[in-house]
**Student:** 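A single structure is presented below for examination.
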Amino acid sequence: MKLEALIIAGVQEAMRNLYGQELGLESIALNETKKEFVGDITVVVFPLTKFSRLGPEQTAEAIGTYLVKSIEYISAFNVVKGFLNLQIANSYWLSFFKAEHNNLEFGKGEKKRKVVLEYCGPNTNKPLHLGHIRNMLLGYSTANLLSFAGNDVHKVNIYNDRGIAICKSMLAWKLFGAGATPESSGLKGDHFVGKFYVEFDKHYKAEVQALVEQGLSKEVAEKQAPLIVKAQEMLVQWEQGDKEVLALWNKMNSWCYEGFEETFKALGVDFEKHYKESDFYLQGKSLVDEGLKKNFFYKKEDGSVWVDLEDKGLDHKLLLRGDGTSVYITQDMGVAEARYQDYQFDESIYVVASEQDYHFKVLQLVLEKLEKPYAEGIYHLSYGLVNLPNGRMKSREGTVVDADDLIAEMIATAEKHTKELGKIDDFTPEEAQALYKTLAMGALKYFMLKVSPKRSMIFNPEESIEFQGDTGPFIQFNYVRIQSLLRKQTLAQLQLDGIEINEDEKDLIKDLYKFPALIQGAAANYDISELVSYCYSLAKNYSKFYANNAILVDTTEDLKNFRLLLSRWVAEVLKSSFGILGIEMPNRM
RNA sequence: GGUCCGCUAGCUCAGCUGGAUAGAGCAACUGCCUUCUAAGCAGUAGGUCUUAGGUUCGAAUCCUAAGCGGAUCACCA
């Protein structure tokens with residue numbers, strides 16, 4: 001039985017035998033004992049006093065005495081105010097160490113649910129930016145976390161590959177592109193397409209400006225500018241299946257996909273399947289028809305279709321335009337349906353920014369109205385926006401932090417730091433380059449993932465991402481030191497007789513002990529940042545241990561071997577945790 | 001205006017379903033490389049946890065208001 005469960009049962013038993021009281025689990029609170037007190041686990045006695053009808057100290061004394069007698073692994077206790085601090089015998093930690101230190105599956109959970117996790121969701125009209133980076137890192141790592149915790153996870157992407165925005169890029173290319181291609185211009189595909197999106201905006205603004213000068217109101221001008229009218233015509237042609245438009249659309253989208261693939265590769269994220277909205281908006285429409293037939297939805301005189309969500313505290317929501325064309329949510333309904341047909345999932349997770357909280361609430365409620373069995377399993381993993389120090393990234397003001405640029409900058413910074421330290425002079429250029437990338441991505445990913453997903457975060461492009469302190473490279477550094485130790489010494493069979501563990505060693509074993517529960521907790525909360533914090537705490541404790549304790553020299557063979565095995569286990573847990581985060585470990589740095 | 005989210009050290013963030021004297025990193029200042037990688041270790045300084053009430057043995061944490069900031073409420077996606 002787990003330590004915590006053992007103690008709770010022990011306290012229940014104590015309360016029964018000492019005071020004749022039957023306590024539920026909820027009235028027994030356990031905490032980790034704070035550093036400044038002696039002990040490992042603390043029972044908070046205050047809630048128990050009303051059952052014991054004695055003061056907190058007296059109650060704590062009595063329970064402590066009882067537990068030391070009844071539970072083998074509790075070696076001693078002390079009472080501070082209403083806190084009963086229990087000391088766990090070293091033999092407990094050592095037997096745990098012995099049992100698990102060679103377990104390659106340590107921390108992995110039992111098989112549970114089938115989960116589909118959607119992330120990324122780019123528009124195919126411009127390159128990926130910092131917001132997408134947060135999305136991709138969260139999506140990829142959360143999928144790994146859920147998988148490690150025991151779920152059968154399938155990662156999918158959704159391409160928002162249709163709509164007016166794409167038409168803008170297409171139109172601009174047609175008008176101003178002069179037949180250029182990514183190859184001919186030497187640009188990455190998505191950047192090439194994005195260039196025309198910007199180009200459109202530039203010419204469109206000029207047109208609007210000209211119309212305003214002719215005396216039109218800004219509002220009217222924005223609707224009547226020839227470019228926007230043409231773009232809208234193009235959208236209609238697209239829906240009608242115009243061959244020429246479709247050909248152009250396919251060509252430009254494929255340029256985007258090529259560009260995206262490169263970025264996915266650089267970031268180390270992948271997908272089992274890419275859904276395209278263009279493939280499913282019709283299916284969404286048929287779902288709307290289905291809802292109409294069953295009277296879950298209603299049609300207005302102009303032909304638009306709505307759903308009444310007032311009973312759920314929301315308002316009426318449009319599902320289909322008066323002209324019969326689909327809106328954003330129509331497509332999402334179609335994709336949701338298709339995804340269930342594809343996977344029969346227990347849970348479908350959408351990693352999408354918090355600005356779409358309302359949208360996903362509506363989506364889920366609409367699917368519930370339709371009595372879809374999978375509606376209940378939908379979970380919106382909402383994350384906060386990435387802001388700049390002076391607010392939101394704005395493409396108009398050119399403050400968007402481009403994903404590819406940022407990755408390149410990080411690699412350059414990693415190279416600079418590494419060269420300053422001069423520890424890898426014997427590396428080949430290829431090895432060095434690989435290391436820069438590993439460290440750069442370690443720093444970037446750790447930086448993005450250590451913030452709780454829900455929270456919006458601030459990114460300051462003026463300050464480069466740290467490589468010291470609470471960072472990815474710090475964890476990698478500790479891993480590398482352990483690898484260096486292991487290269488110098490071969491391991492022998494564990495021999496624990498006569499090993500007296502000290503505080504530093506015990507802290508590490510306790511950290512390792514927490515790992516499986518940490519994984520389950522983080523997975524239950526969909527919170528990858530909990531794993532990041534755990535890694536930092538483990539690595540920090542290791543760093544302290546490393547500084548205070550000789551491992552290879554001045555030790556007996558058994559002690560050396562124990563410390564090496566302990567180090568190796570720490571390294572393994574760090575490595576598998578970083579694997580979940582999507583960060584590689586170098587062997588030297 | 002309705003709804004939702006946030007506010008913790010100069011900056012960036014932890015602080016799990018209430019528990020002991022609120023923690024890290026960066027920045028500042030002090031020590032420590034002839035021990036296994038100093039991208040490190042040890043230490044100093046830095047806080048009215050936005051404010052006001054409430055709940056209770058106990059509140060950064062829960063409740064109610066207020067302030068400030070953000071998001072959202074489109075026949076945009």
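Chain letters run A, B, ... following the sequence lines, proteins first and then strands; every chain starts at 1.
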**Student:** Given B/rA71, is OP1 or OP2 found less than 4.0 Å from the side-chain N or O atoms of A/Arg392?
**Tutor:**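 Looking at the OP1 and OP2 atoms of B/rA71, one of them is under 4.0 Å from a side-chain N or O of A/Arg392.
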**Student:** Applying a 4.0 Å non-hydrogen cut-off, can you work out what A/Arg588 is touching in the nucleic acid: base, sugar-phosphate, or nothing?
**Tutor:**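 Contact class for A/Arg588: base.
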**Student:** Need to verify one output field. Residue with the more 5' nearest nucleotide on RNA chain B, A/Asn123 or A/Ala539?
**Tutor:**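 Comparing both residues, the 5'-ward one is A/Ala539.
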**Student:** Map A/Asn31 and A/Asn525 onto RNA chain B by nearest heavy atom, then report which one ends up closer to the 5' terminus.
**Tutor:**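 The residue whose closest nucleotide sits nearer the 5' end is A/Asn525.
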**Student:** Would you say the base of B/rA71 and the side-chain of A/Ser456 have a donor-acceptor pair closer than 3.5 Å?
**Tutor:**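 There is none.
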**Student:** Say you pick atom C1' in B/rC5 and the same atom in B/rC41; how far apart are they, in whole Å?
**Tutor:**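 Taking atom C1' in both B/rC5 and B/rC41, they lie 40 Å apart.
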**Student:** With rounding to the closest Å, how many angstrom separate the P atoms on B/rU50 and B/rC57?
**Tutor:**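 Looking at atom P only, B/rU50 and B/rC57 are 25 Å apart.
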**Student:** Can you check whether A/Thr471 has a side-chain N or O nearer than 4.0 Å to OP1 or OP2 of B/rG25?
**Tutor:**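 Result: no.
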**Student:** With C1' as the reference atom in both, quote the distance from B/rU12 to B/rU51 in angstrom, rounded to an integer.
**Tutor:**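 Approximately 24 Å lies between the C1' atom of B/rU12 and that of B/rU51.
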**Student:** How far, in whole Å, is B/rU61 from B/rG18 if one measures between their P atoms?
**Tutor:**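 These two P atoms come out 11 Å apart once rounded.
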**Student:** Select base, sugar-phosphate, or nothing to describe what A/Lys488 touches, counting heavy atoms under 4.0 Å on all strands.
**Tutor:**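 If one applies the 4.0 Å heavy-atom cut-off, A/Lys488 turns out to touch the sugar-phosphate alone, with no base involved.
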**Student:** Can a salt bridge be assigned to the pair A/Lys540 and A/Asp511 using a cut-off of 4.0 Å between side-chain N and carboxylate O?
**Tutor:**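 No salt bridge links A/Lys540 with A/Asp511.
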**Student:** Please name the residue in the list A/Leu318, A/Leu363, A/Val288, A/Val307 that meets the side-chain contact (heavy atoms from CB on, under 4.5 Å) test with A/Ile329.
**Tutor:**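 Exactly one pass, corresponding to A/Leu363.
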**Student:** Counting the atoms with a prime plus P, OP1 and OP2 as sugar-phosphate, which does A/Leu314 contact under 4.0 Å by heavy atoms, base, sugar-phosphate, or nothing?
**Tutor:**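 Nothing, no heavy atom under 4.0 Å.
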**Student:** Just to be sure I understand the rule, does A/Val480 reach a base, reach only the sugar-phosphate, or reach nothing, if contact means heavy atoms closer than 4.0 Å?
**Tutor:**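 Base contact.
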**Student:** So what does A/Lys540 hit on the nucleic acid, given a heavy-atom distance under 4.0 Å: a base, only sugar-phosphate, or nothing?
**Tutor:**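 Touches sugar-phosphate only.
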**Student:** With a non-hydrogen cut-off below 4.0 angstrom, is A/Ser543 in contact with a base, only sugar-phosphate, or nothing?
**Tutor:**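 Touches sugar-phosphate only.
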**Student:** Measure the distance from OH on A/Tyr358 to C1' on B/rC73 and round it to the nearest whole Å.
**Tutor:**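 One finds 6 Å between C1' of B/rC73 and OH of A/Tyr358, rounded.
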**Student:** Establish, for the pair A/Arg481 and A/Tyr546, whether the NZ or CZ atom is under 6.0 angstrom from the six-membered ring centre and no further than 45 degrees off its axis.
**Tutor:**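 Cation-pi check for A/Arg481 and A/Tyr546: passes.
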**Student:** Using a 3.5 Å distance criterion without hydrogens, assess whether the side chain of A/Gln58 forms a donor-acceptor pair with backbone atoms of A/Ser52.
**Tutor:**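 The answer is no, because no donor-acceptor pair under 3.5 Å joins these two groups.
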**Student:** Look at the side chain of A/Asn561 and the backbone N and O of A/Ala492, then say whether any donor-acceptor pair between them is shorter than 3.5 Å.
**Tutor:**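 Such a contact is found between A/Asn561 side chain and A/Ala492 backbone.
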**Student:** State, without any angle test, whether A/Asn157 and A/Glu118 hold a side-chain donor-acceptor pair at a distance under 3.5 Å.
**Tutor:**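 No, no side-chain donor-acceptor contact under 3.5 Å.
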**Student:** Can you tell me, in whole Å, how much space there is between the P of B/rG31 and that of B/rA24?
**Tutor:**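 B/rG31 and B/rA24 have their P atoms separated by 22 Å.
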**Student:** Regarding A/Ser537, tell me which of base, sugar-phosphate or nothing describes its non-hydrogen contacts under 4.0 Å with the strands shown.
**Tutor:**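 If one applies the 4.0 Å heavy-atom cut-off, A/Ser537 turns out to touch nothing in the nucleic acid.
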**Student:** Checking all strands, does A/Asn549 fall into the base, sugar-phosphate, or nothing category for heavy-atom contacts under 4.0 angstrom?
**Tutor:**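 Contact class for A/Asn549: base.
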**Student:** What does A/Asp315 touch in the nucleic acid at a heavy-atom separation under 4.0 angstrom: a base, only the sugar-phosphate, or nothing?
**Tutor:**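 Touches sugar-phosphate only.
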**Student:** Which part of the nucleic acid does A/Pro47 contact within heavy-atom distance under 4.0 Å: base, sugar-phosphate only, or nothing?
**Tutor:**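 Base contact.
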**Student:** Just call it for A/Tyr536: base, sugar-phosphate, or nothing, with non-hydrogen atoms closer than 4.0 Å on any strand.
**Tutor:**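 The answer is sugar-phosphate, as A/Tyr536 gets under 4.0 Å only of primed atoms, P, OP1 or OP2.
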**Student:** So what does the secondary structure string of RNA chain B come out as, 5' to 3', with Watson-Crick or wobble pairs under 3.5 angstrom, [ ] for crossing and | for pairs with another strand?
**Tutor:** (((((((..((((.....[...)))).(((((.......))))).....(((((..]....))))))))))))....
**Student:** Examine the side chains of A/Asp161 and A/Thr124 and answer whether a donor and an acceptor come within less than 3.5 Å of each other.
**Tutor:**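 The answer is no; no qualifying pair exists.
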**Student:** Between B/rC7 and B/rG15, how far is it from one C1' atom to the other, in whole Å?
**Tutor:**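 Approximately 15 Å lies between the C1' atom of B/rC7 and that of B/rG15.
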**Student:** With a 4.0 Å limit, can you tell me whether A/Lys81 has a side-chain N or O closer than that to the phosphate oxygens OP1/OP2 of B/rU21?
**Tutor:**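 So the side-chain polar atoms of A/Lys81 do come within 4.0 Å of the phosphate oxygens OP1 or OP2 of B/rU21, strictly under.
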**Student:** Could you check B/rC33 for me: syn (within 90° of 0) or anti?
**Tutor:**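 B/rC33: syn.
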**Student:** Measure from the ring centre of A/Phe474 to the centre of the six-membered ring in the base of B/rG40, then say whether that distance is under 5.5 Å and the planes meet at under 30°.
**Tutor:**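 Here A/Phe474 fails the 5.5 Å or the 30° condition.
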**Student:** Within the 4.0 Å heavy-atom criterion, would you say A/Ala165 contacts the bases, only the backbone, or no part of the nucleic acid?
**Tutor:**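 Nothing, no nucleic acid heavy atom in range.
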**Student:** Does A/Arg455 have a side-chain nitrogen or oxygen under 4.0 Å from the phosphate oxygens OP1 or OP2 of B/rA14?
**Tutor:**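 Yes, such a contact exists.
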**Student:** With a non-hydrogen cut-off below 4.0 angstrom, is A/Ile458 in contact with a base, only sugar-phosphate, or nothing?
**Tutor:**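 Sugar-phosphate only.
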**Student:** When the C1' atoms of B/rA39 and B/rA20 are compared, how many Å lie between them, rounded to an integer?
**Tutor:**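 Between the two C1' atoms, the distance is 36 Å.
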**Student:** Is it true that A/Glu557 and A/Lys560 make a salt bridge, defined as a side-chain N closer than 4.0 Å to a carboxylate O?
**Tutor:**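 Yes, this pair counts.
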**Student:** Looking only at side chains, do A/Asp504 and A/Asn541 share a donor and an acceptor under 3.5 Å apart?
**Tutor:**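 No - no donor-acceptor pair under 3.5 Å links their side chains.
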**Student:** Within the structure shown, what part of the strands sits under 4.0 Å from A/Ser382 by heavy-atom distance: base, sugar-phosphate, or nothing?
**Tutor:**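 If one applies the 4.0 Å heavy-atom cut-off, A/Ser382 turns out to touch nothing in the nucleic acid.
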**Student:** Please determine whether a side-chain nitrogen or oxygen atom of A/Arg162 lies at a distance below 4.0 Å from atom OP1 or OP2 of B/rA77.
**Tutor:**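 Checking B/rA77 against A/Arg162, no side-chain N or O comes under 4.0 Å of OP1 or OP2.
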**Student:** For A/Arg481 and B/rA38, is the shortest distance between a side-chain N/O and OP1 or OP2 below 4.0 Å?
**Tutor:**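 For A/Arg481, the contact criterion (side-chain N or O under 4.0 Å from OP1 or OP2 of B/rA38) is met.
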**Student:** Does the B/rA20 base have a donor-acceptor partner in the side chain of A/Asn85 within less than 3.5 Å?
**Tutor:**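 Yes.
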**Student:** Check whether any side-chain nitrogen or oxygen of A/Ser354 sits under 4.0 Å from OP1 or OP2 of B/rC5, and answer yes or no.
**Tutor:**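 No, A/Ser354 has no side-chain N/O under 4.0 Å of OP1/OP2 on B/rC5.
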**Student:** C1' atom, B/rC29 versus B/rG46: distance in rounded Å?
**Tutor:**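 My reading of the C1' atoms in B/rC29 and B/rG46 gives 12 Å.
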**Student:** Between A/Lys514 and A/Glu32, is there a side-chain N and carboxylate O pair less than 4.0 Å apart?
**Tutor:**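 Here A/Lys514 pairs with A/Glu32 in a salt bridge, since their nearest N and O are under 4.0 Å apart.
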